[in-house]
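The block underneath contains the structure these notes are about, expressed in structure tokens.
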Amino acid sequence: MEIQEETLNHISRELHDNITQVLSFVKLNLGVLGRNLGEQEKIRVNDNRELIAQSISDLRNLSKSLSFEHISVMGLVKTLEIEVERVNRSGIINLSLSVEGDRYALGEQRELVLFRIFQEALNNALKYAQANNFKMSLYYKAQMFNLTIEDDGVGFEPELLKDKGGSGLRNIVNRAALIGASAIINSSPGNGCSINLSLNPLVQETYVNGTYSNSPG
């Protein structure tokens with residue numbers, strides 16, 4: 001997990017510091033170029049500058065979603081809200097998020113893992129399920145936290161979880177186990193997929209390296 005997060009943080013910095021700077025330079029050059037053009041050409045140049053500006057904004061948001069630091073500062077719910085807005089703006093799939101109960105912090109490590117589970121589930125919905133809608137529900141209770149993820153994709157045979165082809169789905173179960181949570185995945189052909197994850201926020205789980213997950217608070 002540490003190696004993975006270090007890699008993602010590196011990619012995040014590269015996106016933010018290098019690629020967005022290059023795009024900003026291109027946008028600036030287009031602005032200078034547009035001064036010497038006719039009205040119709042200026043309109044086309046300005047349209048392209050707006051597209052580049054939107055790309056810069058999307059890249060910055062994407063870089064934040066890859067960074068562990070962003071989650072530690074913003075928290076799970078706010079980070080998910082930003083991702084929902086970003087993905088919905090793309091028009092690729094329709095995301096919705098609902099939150100019930102009094103929110104509380106689950107600890108940085110737990111919230112990071114939960115966010116990575118969301119990303120894994122979304123990737124599966126986009127890449128394999130051909131889903132149009134993706135719904136997340138968070139339930140906060142005093143001694144229980146639940147995360148439910150549902151899509152309306154093509155679904156799959158339950159036996160896929162036992163095959164190598166279902167590695168993404170097994171990753172979700174394995175990630176959940178790392179933070180002391182249980183994950184139940186249900187699906188059948190033509191009926192989409194649902195993931196139900198639950199954990200007791202008051203129970204600390206020992207990680208492989210002997211450290212503990214952050215306590216809630």
Side-chain angles (χ1 to χ4, degrees), residues 1 4-5 8 58 61-62 64-66 71 74-104 106-107 109-201 203 205 213:
M1 288 179 65
Q4 181 187 56
E5 291 309 319
L8 290 174
D58 288 343
N61 288 332
L62 177 60
K64 291 177 181 178
S65 75
L66 294 174
I71 297 173
M74 304 294 292
L76 177 64
V77 175
K78 184 61 177 178
T79 304
L80 286 174
E81 289 174 345
I82 293 173
E83 281 298 284
V84 168
E85 181 180 352
R86 182 179 71 85
V87 175
N88 282 340
R89 192 166 57 245
S90 73
I92 298 174
I93 191 173
N94 179 52
L95 265 64
S96 64
L97 173 67
S98 64
V99 182
E100 296 185 17
D102 297 327
R103 305 178 190 179
Y104 49 78
L106 295 164
Q109 291 177 330
R110 282 174 168 171
E111 294 194 346
L112 174 63
V113 171
L114 290 170
F115 184 69
R116 297 298 182 224
I117 287 174
F118 149 72
Q119 290 181 313
E120 186 81 57
L122 178 60
N123 180 64
N124 287 337
L126 290 172
K127 191 173 181 180
Y128 303 111
Q130 305 171 31
N132 295 313
N133 298 285
F134 187 92
K135 179 181 178 182
M136 292 177 292
S137 301
L138 279 65
Y139 302 91
Y140 288 87
K141 298 180 181 178
Q143 297 185 18
M144 187 59 63
F145 168 82
N146 288 94
L147 168 64
T148 302
I149 300 174
E150 299 173 304
D151 70 58
D152 62 352
V154 297
F156 56 87
E157 294 287 353
E159 288 75 14
L160 180 64
L161 289 169
K162 303 176 184 178
D163 299 332
K164 291 183 179 180
S167 59
L169 297 168
R170 290 199 305 276
N171 282 342
I172 291 174
V173 175
N174 293 335
R175 286 176 185 269
L178 282 174
I179 57 173
S182 61
I184 300 174
I185 301 177
N186 290 308
S187 183
S188 60
N191 293 312
C193 177
S194 68
I195 302 168
N196 187 276
L197 185 148
S198 60
L199 67 85
N200 186 337
V203 176
E205 292 292 328
S213 60

Task: Side-chain touch Arg110/Phe145, heavy atoms, less than 4.5 angstrom - done: no

Open item on the list: Using 0.5 Å steps for rounding, measure from the CD atom of Glu111 to the CD1 atom of Ile179.
Closed with: 9.5 Å

Task: Nearest heavy atoms of Ala142 and Pro201, plus distance in Å - done: O-CG, 4.0 Å

Task: Partners passing side-chain hydrogen bond (donor to acceptor under 3.5 Å, both in side chains) against Asn191 (at least two apart in sequence or in another chain) - done: Ser188

Open item on the list: Within the 4.5 Å heavy-atom criterion, are Leu114 and Leu80 side-chain neighbours or not?
Closed with: no

Task: Pair Asn94-Asn88, side chain to side chain contact (heavy atoms under 4.5 Å, CB included): steps then yes or no - done: CA-CA 6 Å; Asn94 179 52; Asn88 282 340; 3.8 Å; yes

Open item on the list: Can you tell me which residue among Leu76, Leu197, Leu95 is in a side-chain contact (heavy atoms from CB on, under 4.5 Å) with Phe118?
Closed with: Leu95

TODO: Sorted by first residue and then second, give each side chain to side chain donor-acceptor pair (under 3.5 Å) pair with at least one member in residues 149-158; sequence neighbours left out.
DONE: Asn133-Asp152

Task: Closest non-hydrogen atom pair, Ser187 against Phe156 - done: OG-N, 3.0 Å

TODO: Give, for atom CG of Asn124 and atom CD1 of Ile185, the distance between the pair rounded to the nearest 0.5 Å.
DONE: 8.5 Å

Task: Interatomic spacing from CD in Glu83 to CD in Gln119 - rounded to 0.5 Å - done: 6.0 Å

TODO: Looking only at non-hydrogen atoms, find the nearest pair between Leu199 and Met144 and report the distance.
DONE: O-SD, 3.2 Å

Open item on the list: Could you measure the distance from the CG atom of Leu138 to the CG atom of Leu106? Nearest 0.5 Å is fine.
Closed with: 8.5 Å

Task: Gap separating the CD1 atom of Ile195 from the CG atom of Leu169, nearest 0.5 angstrom - done: 6.5 Å

Open item on the list: Test of understanding: with side-chain hydrogen bond (donor to acceptor under 3.5 Å, both in side chains), list the residues that count as partners of Thr148, not counting sequence neighbours.
Closed with: Asn196

- [ ] Ignoring hydrogens and angles, tell me if any N or O in the side chain of Glu120 forms a donor-acceptor pair with the backbone of Ile172 under 3.5 Å.
- [x] no

Task: Atom pair CD (Gln109) and CG (Leu178), whose distance is rounded to the nearest 0.5 Å - done: 10.0 Å

Task: Backbone N/O of Lys141 and side chain of Tyr104: donor-acceptor pair under 3.5 Å - done: yes

